[in-house]
Amino acid sequence: MRSIWKGALTFGLVNVPVKVYSATEDHDVSLHQVHAADGGRIRYQRICEIDGEVVPYSDIDKAYDDGERTVVLTSDDFAALPSERSREIEVVEFVPTEQIDLLTLDKAYYLEPDSKSPKAYVLLRQTLEQTDRTAIVRFALRQKTRLAALRVRGDVLVLQTLLWADEVREASFPVLDEPVKISSKELELSASLVDSFSSDFDPSEFTDEYQKELRTLIDAKLEKGDAFDTAETFGEKADAEGGEVIDLMAALRASVEKSRAARTGKDVGEKTKADADGKSAPATKEPSKKAPAKKAPAKKAPAKKKAS
């Protein structure tokens with residue numbers, strides 16, 4: 001990874017030099033636009049509307065127009081802003097972790113200690129872990145003041161930018177203001193359905209199905225060209241399910257039964273596989289449960305009369 005920013009994390013008089021790295025990356029298939037008629041590549045050019053010439057990116061500045069006047073802002077103007085000149089990530093407060101609204105979380109960055117001794121870095125990390133607090137920090141990056149949450153992930157400090165309060169829309173849906181009656185049976189069935197889907201979250205178990213199918217589509221068209229057949233590649237299109245639920249109780253019951261059946265089938269499949277591998281031996285223990293079969297030999301009366 002290559003660092004995108006260098007600065008210092010400060011809280012009080014403590015100064016922690018750090019390097020900032022982007023914590024995420026995009027793996028989407030890269031596509032570009034073409035002319036449908038002949039496949040020609042569509043490209044965008046920056047053309048000046050006054051002289052009609054194509055303008056190099058290095059010759060482009062930004063401007064603000066209030067409707068009557070226009071002011072041009074150069075890169076030097078932006079660099080002169082005090083916030084842009086600052087290389088500090090300032091801790092403004094430490095808050096309980098549960099107070100961070102997940103809706104406000106945005107871009108994530110890793111922080112690496114940028115000094116010979118990582119002691120101050122480790123001290124801050126352990127303090128956050130021990131107090132179960134998240135640091136709210138403020139800094140400037142790429143011509144924008146950022147508010148961010150500083151938290152711990154494993155052994156690394158993670159900086160996750162936050163949306164400003166006025167960037168989060170208020171949810172106002174009049175239909176939710178109407179009273180709704182939920183019966184205890186509906187709540188019970190719903191809880192049962194939740195329980196049937198309960199598991200521990202493992203992100204590695206999930207994949208981007210759309211990107212996977214897109215790659216399959218591209219490979220098929222590269223191989224077969226115009227002879228490509230959608231049904232042959234992806235199978236016949238299944239009828240769409242869903243729609244408005246008419247009977248909520250019936251839908252809940254059906255969902256619970258379907259989930260249980262799927263889980264039971266999975267358990268049976270795993271048990272069968274284990275039996276085939278010789279990892280379990282329920283079959284050898286089964287005869288021991290049949291008491292009449294073992295007691296039958298004890299009823300041999302003729303043997304007792306002969307002995308007398």
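From a predicted model like this one, the values you see are computed outputs, not experimental measurements.
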Next on the checklist: So does Val29 get a backbone contact from the side chain of Gln211, meaning a donor-acceptor N/O pair under 3.5 Å?
Outcome noted: yes
Checklist entry - Taking atom NZ of Lys19 and atom CE of Met1, what is their separation to the nearest 0.5 Å? => result 11.0 Å
Checklist entry - Just by modelled atom types, is the Thr74 backbone N or O under 3.5 Å from a matching donor or acceptor in the Asp77 side chain? => result yes
Checklist entry - Checking side-chain contact (heavy atoms from CB on, under 4.5 Å) for the pair Val152/Leu157: CA distance, chi angles, key distance, verdict? => result CA-CA 5 Å; Val152 179; Leu157 290 176; 4.0 Å; yes
Next on the checklist: Return the CD to CD1 distance between Glu213 and Ile218, rounded to the nearest 0.5 Å.
Outcome noted: 12.5 Å
Checklist entry - Can a donor-acceptor pair be found between the side chains of Ser192 and Asp195 at a distance below 3.5 Å? => result no
Item to check | Pairs flagged by side chain to side chain donor-acceptor pair (under 3.5 Å) wherever residues 157-167 is involved - sequence neighbours left out | outcome: Arg151-Gln160
Checklist entry - Going by heavy atoms in the side chains, are Ile42 and His32 under 4.5 Å from each other? => result no
Checklist entry - So do the side chains of Thr24 and Lys107 get within less than 4.5 Å of each other, counting heavy atoms only? => result yes
Checklist entry - At their closest point, which heavy atom of Ala63 faces which heavy atom of Thr70, and how far apart are they? => result CB-CG2, 3.9 Å
Checklist entry - Out of curiosity, Lys212 NZ to Leu214 CG, how far, rounded to the nearest 0.5 Å? => result 13.5 Å
Checklist outcome for this item: Heavy-atom closest pair (Thr104 atom, Asp101 atom, distance to 0.1 Å) is OG1-O, 2.7 Å
Checklist entry - Is a side-chain donor or acceptor of Tyr121 paired with a backbone partner of Leu111 at a separation under 3.5 angstrom? => result yes
Checklist entry - Are any of the side-chain heavy atoms of Tyr110 and Val20 separated by less than 4.5 Å? => result no
Next on the checklist: Apply side-chain contact (heavy atoms from CB on, under 4.5 Å) to residues His27 and Asp208 and explain how you reach the verdict.
Outcome noted: CA-CA 10 Å; His27 289 160; Asp208 188 339; over 6 Å; no
Item to check | Donor-acceptor under 3.5 Å (Arg133 side chain, Phe94 main chain) | outcome: yes
Item to check | Residues, nucleotides or ligands: over 12 heavy atoms within 6.0 Å of Asp38 CG | outcome: yes
Next on the checklist: Side-chain heavy atoms nearer than 4.5 Å, only ILVMFWY residues, links allowed to pass through others: does that put Leu128 and Phe139 together?
Outcome noted: yes
Item to check | Minimal non-hydrogen separation, Val55 against Cys48, with atom names | outcome: CG2-CB, 3.8 Å
Item to check | Hphob cluster co-occupancy, Leu123 + Leu150, side-chain heavy atoms under 4.5 angstrom | outcome: no
Checklist entry - If two hydrophobic side chains count as joined below 4.5 Å and joins carry through other members, does Leu162 share a cluster with Leu159? => result no
Checklist entry - Measuring from His35:NE2 to Arg41:CZ, what's the distance to the nearest 0.5 Å? => result 15.0 Å
Item to check | Atom of Leu9, atom of Val91 and distance for their closest heavy-atom approach | outcome: CD1-CG2, 4.1 Å
Item to check | Enclosure of Glu209 CD (heavy-atom neighbours >12, cutoff 6.0 Å) | outcome: yes
Checklist outcome for this item: Value for CZ (Arg2) from OG (Ser22), rounded to nearest 0.5 Å, stands at 11.5 Å
Checklist entry - Can you tell me how far CG of Asp219 sits from CZ of Arg215, rounded to the nearest 0.5 angstrom? => result 5.5 Å
Checklist entry - Will you find, in the side chains of Ser196 and Lys258, an N or O donor that is under 3.5 Å from an N or O acceptor? => result no
Next on the checklist: On a heavy-atom basis, which atom in Glu68 and which in Asp65 lie closest, and how many Å separate them?
Outcome noted: N-OD1, 3.9 Å
Checklist entry - If we only count heavy atoms from C-beta on, is the Leu124 to Val14 side-chain gap below 4.5 Å? => result no
Checklist entry - Among the clusters formed by ILVMFWY side chains lying less than 4.5 Å apart, do Ile136 and Ile89 turn up in the same one? => result no
Checklist entry - Same cluster or not: are Val137 and Ile100 linked, directly or through other Ile, Leu, Val, Met, Phe, Trp or Tyr residues, by side-chain heavy atoms under 4.5 angstrom apart? => result no
Checklist entry - Okay, side chain of Ser259, backbone of Ser255: is any donor-acceptor separation there less than 3.5 Å? => result no
Item to check | Closest heavy-atom pair and its distance - Lys181, Glu186 | outcome: O-OE1, 4.2 Å
Checklist entry - With distance as the sole test, does Arg138 use its side chain to make a donor-acceptor pair with the main-chain N or O of Val92 at under 3.5 Å? => result no
Next on the checklist: side-chain contact (heavy atoms from CB on, under 4.5 Å) for Leu141 and Trp5? Distances and angles first, verdict last.
Outcome noted: CA-CA 8 Å; Leu141 177 65; Trp5 193 84; 3.3 Å; yes
Next on the checklist: I'd like to know whether CZ of Arg43 has more than 12 heavy-atom contacts from other residues, nucleotides or ligands below 6.0 angstrom.
Outcome noted: no
